[in-house]
Number of protein chains: 2
Amino acid sequence: MARLNMRELALKLGVDRATVSRALSNDKAHLVAPATRERIRQAAGAAGYRPDLTAATLRRGRSHTVGILVSDLGNETFIDVIRTIFRHLDARSDAPPITPLIAETLDQPDATRRLIHTFLSRRVDAIISLASTEADTAILQDAAREVPVVLAIRAIAGAVFPSALCDDRAGGAMVATHFAERGHKIVCQVQGPPLSATFKNRALGFSEVCASRSIVETPQRIFAETATSAAGKRALDALLAVSPRPTAIFAHNDALALGVIEAMRHRGLRCPEDLAIVGFNNTQLSRILAVPLSTVDYPVEEVSRHAGELVRNLIADPSYRFESRLFTPSLIVRASS
Amino acid sequence: MARLNMRELALKLGVDRATVSRALSNDKAHLVAPATRERIRQAAGAAGYRPDLTAATLRRGRSHTVGILVSDLGNETFIDVIRTIFRHLDARSDAPPITPLIAETLDQPDATRRLIHTFLSRRVDAIISLASTEADTAILQDAAREVPVVLAIRAIAGAVFPSALCDDRAGGAMVATHFAERGHKIVCQVQGPPLSATFKNRALGFSEVCASRSIVETPQRIFAETATSAAGKRALDALLAVSPRPTAIFAHNDALALGVIEAMRHRGLRCPEDLAIVGFNNTQLSRILAVPLSTVDYPVEEVSRHAGELVRNLIADPSYRFESRLFTPSLIVRASS
DNA sequence: AACATCTTGTCAATCGATTGCAAAAAGTGT
DNA sequence: ACACTTTTTGCAATCGATTGACAAGATGTT
């Protein structure tokens, strides 16, 4: 069961472990004579030698590992971003591959603190936080004094971190503009939990355009406690009580939109005739609904790539002059509006 | 930037590092006087001391880490299983928490080998492979000589690993029985890629019941190259060319079923009147279709829990007499059949 | 008072790879 | 053959925590 280690390999070849280490490394391989280097590499391959990365990490102080915090693994968009980040971190063949550690916080600050501590104990080279809330600010700032911390998807109000975000405000604005062009005069929003900057910005962008194009936004905004279809269902009741009655609504994500649509179906209301609706994220479900859902496409690829690059660059040089970026989403008009 | 390490903490407290180590450990804390122990724990907490787990791993030979291989992170069922496994691994407060490492193989054997090697280099305590294919057999067997390897979701034909699986054969049988009870005489399957044991077993269970209840299964089976809705769409053309023409079809998962249904809509065919359809997995989409989809509910909780337990037990004792288990899924009848 | 037992803490080796420094070997020019 | 540079290799310390062996001190027993 005992694994072959470097000392044994060196012994077998009659060289020093230092020579083996250098021969197998990327950056110091030139320090060993070509013939010896090849001999060592052959033997290592043949013997199935695999270096112990925990030992290497201890000595080097670099683990080639990044921690990814995500609030909800059930969220399709988050998963898309994570897997795309994976690819960007793993793909580059010049640099050593980076192994991601993933943790689900479920938006619980205690769990988040615990998970961040675990990451730091495991000596991650950086942390990417997807969709963190304000409750995490202090912990993340703490962590940032040890390793680079990069934010993706959700900004944190009042804190500056390198980040890769979607321009949610622009997204909200696009929806309002769309409603204006279709001649809607009275509109309403079903807003996600307001502790998330994402939803705040979507609301803001939408309202701004409504004001400038003199569309009436019903004074009562609908707040969903969670951004889920169940909450969307409940929202319809509230919506119908609103006066003046809106003819179009902007749901802050596709799940909320779905809930509203299902509730409408129950009541015999038709979409878009009775009520037009636009969602956000362009998830799979938006395409497959009986009435395909208009929605805002999330710039997954760009956000992920930038997050990956920030991490790579900040790991290479902690004082790297990073640039946080906002990526513009795009409206996809389908039958629901 | 330099982190506080155990030596410094010990120095500050005027005790030996060994004493600190024992005071902070779970199993050896009783070896240090209660007063000293508390003093050390207080100080450690106050100073924000966090042990370096890579050093501990190196010394102990245990990383408290497991590697999870998954073929496709976009698959809702896989994600559900992963996050449920997380919870079972992380939750137990008596044992130290286990950090999962996740890797997406995309069913590419080369990538799989690379990722497994990375896991082993990082000294994972065990590997869980979700939905592996036969192409991975040799690599997994290799890995199994170093650490416990547990299979979930998909068995590998001809190889014995501790596993936690869904009884796909029973699931297929349920669908056939359901068709029989509804009076269908001619049925057909849209089968997922046959290199996956999952789909083989679903097909088998279905066919067995068809035979015993003298339902005609059309001789031409439809094989989808991938288990996606696009493949499902293409499958409908093939289906319509089949003779005798079936009145009900069993799609091997919900995505395939969705594809078939969308293609039907394009042709103006009605579900279930013209063609009844049942899927598999009970994914979100099955609930939200215009005609809610009958499907087989996947026993996510049971599979995940058992996989987690296998891993825990095998880590604690590699010679543990494990029991591989099959969990029975359940048919959910909705409007589509 | 002598001896056994238990408690508490220290010393030093260890896990496996990396790397600064210096020694040995090989190459170069005169 | 000699002085000198350059290449190649070896030695030994190091990263930070854990643990077996053992010593010193405290407590108990007869």
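In what follows, chains are A, B, ... by sequence order, proteins preceding strands, each numbered from 1.
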Sugar-phosphate only, base, or nothing, as touched by A:Val15 at under 4.0 Å among non-hydrogen atoms: sugar-phosphate
Close side-chain approach of B:His64 and A:Thr118, heavy atoms under 4.5 Å: no
Touch class at under 4.0 angstrom, heavy-atom based, for A:Ala18 against every strand present: base
Residues B:Asp16, B:Arg22: salt bridge by 4.0 Å N-O rule: no
Whole angstrom value for the distance that separates P of D:dA17 from CG of B:Leu58: 12 Å
Touch class at under 4.0 angstrom, heavy-atom based, for A:Ala56 against every strand present: sugar-phosphate
5'-most by nearest nucleotide on DNA chain C - B:Arg60 or B:Arg37: B:Arg37
Minimum-distance nucleotide (side-chain atoms of B:Ser21 versus D:dG10, C:dT10, D:dT19): D:dT19
Along DNA chain C (nearest heavy atom to each residue), the more 5'-positioned of B:Arg123 and B:Gly14: B:Gly14
Residue-phosphate contact under 4.0 Å: A:Thr36 side-chain N/O, D:dT9 OP1/OP2: yes
No-H, no-angle donor-acceptor pair, A:Arg59 side chain to D:dT14 base, under 3.5 Å: yes
OP1 or OP2 of C:dA17 under 4.0 Å from side-chain N/O of A:Arg17: no
Interatomic distance where NE2 belongs to A:His30 and C1' belongs to D:dT8 [whole Å]: 11 Å
Spacing of B:Asp27 atom CG relative to D:dT19 atom P, expressed in whole Å: 7 Å
Separation of D:dG16 P from B:Arg50 CZ (nearest whole Å): 14 Å
Atom-pair distance (CZ on A:Arg122; P on D:dC15), nearest Å: 22 Å
Pair B:Arg122-B:Thr65, side-chain hydrogen bond (donor to acceptor under 3.5 Å, both in side chains): steps then yes or no: CA-CA 9 Å; B:Arg122 294 203 181 278; B:Thr65 275; over 6 Å; no
Electrostatic pair A:Arg325-A:Glu309, nearest N-O below 4.0 angstrom: no
Main-chain N/O of B:Ala23 paired with B:Arg41 side-chain donor or acceptor, under 3.5 Å: yes
Between C1' of C:dT19 and CG of A:Asn26, the distance in whole Å: 16 Å
Length of the line joining A:Asp16:CG and C:dA23:C1', which is rounded to integer Å: 13 Å
Phosphate OP1/OP2 of D:dG10: any A:Thr19 side-chain N/O under 4.0 Å: yes
Touch class at under 4.0 angstrom, heavy-atom based, for A:Leu31 against every strand present: base
Donor-acceptor contact below 3.5 Å, side chain B:Ser121 vs main chain A:Pro51: yes
Quiz item: B:Arg22 side-chain donor-acceptor pair to C:dT10 base, under 3.5 Å: yes
Interatomic distance, A:Leu4 CG vs C:dG16 P [rounded to whole Å]: 11 Å
Side-chain N or O of A:Tyr49 closer than 4.0 Å to phosphate OP1/OP2 of C:dA17: yes
Contact under 4.0 Å: A:Lys28 side-chain N or O vs C:dT19 OP1/OP2: yes
